[in-house]
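See below for the structure under consideration.
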Amino acid sequence: MVKQESAITNGHKLTPAERIWHTVGLIPTGNVASYGKIADLAGLPGRARYVGYCLRNVPASLTLPWYRVLRSNGQIAFKTGSPQAATQRELLEAEQVLVQNNRVNLRLFGWEPGLDVLLHQLAF
DNA sequence: CAAGTGACTTTCG
DNA sequence: CCGAAAGCCACTT
């Protein structure tokens with residue numbers, strides 16, 4: 001049995017940034033995750049800010065669901081009223097994720113990766 | 001090396 | 001439920 005590899009992992013040692021991008025790419029449609037949670041799942045606990053930094057620097061070659069990443073309380077991280085915040089809200093609502101008062105209910109939409117994902121896609 | 005910055009988080013009042 | 005304060009960490013100046 002061969003371990004399944006994504007385009008990002010591609011059988012190589014991953015840099016911290018690559019692990020973050022990879023993890024963000026695993027968030028399913030219709031779900032969201034906090035910066036801190038992505039950091040944890042990527043094996044980088046305590047580095048929520050770094051997740052934000054990495055998402056700001058996504059290679060043009062990559063297409064990621066960056067808009068599925070929110071603050072720990074479910075809020076959109078961008079300044080309210082900014083064009084980026086508006087875009088993020090549109091993208092979320094386009095996949096049935098409810099955004100009220102600039103905020104998503106993590107109880108309802110928060111991503112909880114299954115064991116299969118933890119063991120196969122997140123086994124760094 | 002010191003100081004500033006930020007798509008963050010937690011704690012306190 | 002805000003808002004401020006402090007903690008946090010990688011990166012830039």
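Each chain gets a letter, A, B and so on, in the order its sequence line appears, and its residues count up from 1.
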Within-4.5 Å side-chain heavy-atom neighbours: Ile27(A) and Val69(A): yes
Rounded to whole Å, the CG-P distance (Leu106(A) to dT9(B)) equals 10 Å
Distance below 4.0 Å between Tyr53(A) side-chain N/O and dT12(C) OP1 or OP2: yes
Are Ser34(A) and dC8(B) close enough that a side-chain N or O sits under 4.0 Å from OP1 or OP2? no
To the nearest Å, give me how far apart CD (Gln75(A)) and P (dT10(B)) are. 13 Å
Any donor-acceptor pair under 3.5 Å linking the side chain of Asn102(A) with the backbone of Thr80(A)? no
Using 0.5 Å steps for rounding, measure from the OG1 atom of Thr87(A) to the CZ atom of Phe78(A). 9.0 Å
In whole angstroms, the gap separating P of dA7(B) from CH2 of Trp21(A) amounts to 17 Å
Whole angstrom is fine here: how far is it from NZ in Lys37(A) over to C1' in dA7(B)? 19 Å
Cut-off 3.5 Å, side chains only: do Gln84(A) and Tyr67(A) have a donor facing an acceptor? no
Given atom NZ of Lys79(A) and atom P of dT5(B), what is their separation to the nearest angstrom? 16 Å
Could you tell me how far apart Arg56(A) (CZ) and dC8(B) (C1') are, to the nearest whole angstrom? 12 Å
Nearest-Å distance, CD1 (Ile38(A)) to P (dT9(B))? 11 Å
CG of Leu64(A) to NE2 of His22(A): how many Å apart, nearest 0.5 Å? 11.0 Å
Side chain of Arg103(A) - closest among dC2(C), dT9(B), dT12(C): dC2(C)
In numerical order, the residues of residues 39-52 of chain A whose heavy atoms come under 4.0 Å of DNA chain C are Gly46(A), Arg47(A), Arg49(A), Tyr50(A)
State, with a plain yes or no, whether a side-chain heavy atom of Thr29(A) is found less than 4.5 Å away from one of Arg68(A). yes
Could you check whether any side-chain N or O of Asn101(A) sits under 3.5 Å from a backbone N or O of Arg103(A), counting only pairs where one atom can act as donor and the other as acceptor? no
Can you tell me how far P of dG6(B) sits from CD1 of Ile76(A), to the nearest Å? 20 Å
